[in-house]
Peer 1: 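I have a structure here, written as structure tokens, and I will follow up with some questions on it.
Each chain gets a letter, A, B and so on, in the order the sequences are listed, and its residues count up from 1.
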There are 2 protein chains.
Amino acid sequence: MGKTLQDRCIAAGLKMTGQRKVIISVLENSDNHLSVEMVYERAKAEDSSISLATVYRTMNLLDELDLVIRHDFNESFSRYDVNIDDHYHLIDTETSEVVEFENSEVEAIVRKVAAELGYDLVDHRLEVYGHKKKA
Amino acid sequence: MGKTLQDRCIAAGLKMTGQRKVIISVLENSDNHLSVEMVYERAKAEDSSISLATVYRTMNLLDELDLVIRHDFNESFSRYDVNIDDHYHLIDTETSEVVEFENSEVEAIVRKVAAELGYDLVDHRLEVYGHKKKA
DNA sequence: ATACATGCAAATAATTTGCTCTCAG
DNA sequence: CTGAGAGCAAATTATTTGCATGTAT
């Protein structure tokens, strides 16, 4: 039984305000890769008093606690993943759709490369850009 | 003899203004991963009349022509690589130093993954974050 | 009670753009 | 000569922050 995001927030000692509950429920009930603007739109639909600043502050907070992961694909804004399992992203260059995939070989390679260069691995990201095969 | 960046710009039909020559020489005589601000500072040292807007416009132009590659590491601004060979980046999380490395296995894996997901590969990037091994 | 959150509006920071003038081809 | 490029300053966009007020614990 994985803990819910809300559980983790409580475990992290976060004050569970009404706004945070709404934002967290948006995150839990959406596909990944939401932008702040998207979170804001959906949260506002549940509670019209929520401000954009609060969404930004909340996303930053969750990011610092590693409860979400901030990503910069090649866009002018950030998107956020609701944490959990490691995975990589394939971004459709024509539609901006984001597909997740896993691959166990990559991590092994990355670990080896970092070691060879004399570094301790902290994190890594692999992004693949492509478009759907035609016909 | 690889063509110089200047050669490629001319080949691409770019008007070689004084400002562009300076910017290009800065790019050719610096380490990779420059930010616009860094390019601007160095270009200004050669020709104090160069404006930041021109540097932005030039970098965008070079990026569109694939003569440089724009990167968003986890910073608030972009950095640019002077094209040429494919490589990946290891970013030192403590110093922001960027180390380039190559790895032939990754591309094969990426190509395979894209194909399996039904995509034509356009591009891919791998970024590794770490810090120097202590003692 | 009280420290921490929120809303709002103003402030930043990076990047882009309108406009007029200049210059490379 | 002429259209693409440059400088400057104002505009945009994403994100952050100061401050007065509200609220979870």
Peer 1: What is the bend of the helix from C/dA1-D/dT25 to C/dG25-D/dC1 when you compare the axis at one end with the axis at the other, using five pairs each and rounding to 10°?
Peer 2: 40°
Peer 1: State whether B/Tyr56 places a side-chain N or O below 4.0 Å from either non-bridging phosphate oxygen (OP1 or OP2) of C/dT15.
Peer 2: yes
Peer 1: Pairs under 3.5 angstrom only: tabulate donor-acceptor contacts from the side chains of residues 42-49 of chain A to other protein residues two or more places apart or in another chain.
Peer 2:
from	atom 1	to	atom 2	distance (Å)
A/Arg42	NH1	A/Ser30	OG	3.0
A/Asp47	OD1	A/Ser49	N	2.9
A/Asp47	OD1	A/Ser49	OG	2.8

Peer 1: Listed by chain and number, what are the side chain to side chain contact (heavy atoms under 4.5 Å, CB included) partners of B/Arg70, not counting sequence neighbours?
Peer 2: B/Asn60, B/Asp63, B/Ser78, B/Tyr80
Peer 1: Below the 4.0 Å mark, does D/dA6 have OP1 or OP2 next to a side-chain nitrogen or oxygen of B/Thr17?
Peer 2: yes
Peer 1: Does any non-hydrogen side-chain atom of B/Leu126 lie less than 4.5 Å from one of A/Val110?
Peer 2: yes
Peer 1: Ignoring backbone atoms, test whether B/Ser78 places a side-chain nitrogen or oxygen under 4.0 Å from the OP1 or OP2 oxygen of C/dT15.
Peer 2: yes
Peer 1: Parallel under 30°, tilted from 30 to 60°, perpendicular over 60°: which one fits the rings of B/Phe73 and B/His71?
Peer 2: parallel
Peer 1: Could you list all the ring pair (Phe, Tyr, Trp, His ring centres under 6.0 Å) pairs where at least one residue sits in residues 105-135 of chain A, not counting sequence neighbours?
Peer 2: A/Tyr88-A/His124
Peer 1: Scan nucleotides 8-13 of chain D against the protein and return all N/O pairs shorter than 3.5 Å with their distances rounded to 0.1 Å.
Peer 2:
from	atom 1	to	atom 2	distance (Å)
D/dC8	N4	B/Arg57	NH2	3.4

Peer 1: In residues 19-26 of chain A, what residues come within less than 4.0 Å of DNA chain C, judged by heavy atoms?
Peer 2: A/Gln19, A/Arg20
Peer 1: Does OP1 or OP2 of C/dT16 have a side-chain N or O of B/Asn60 closer than 4.0 Å?
Peer 2: yes
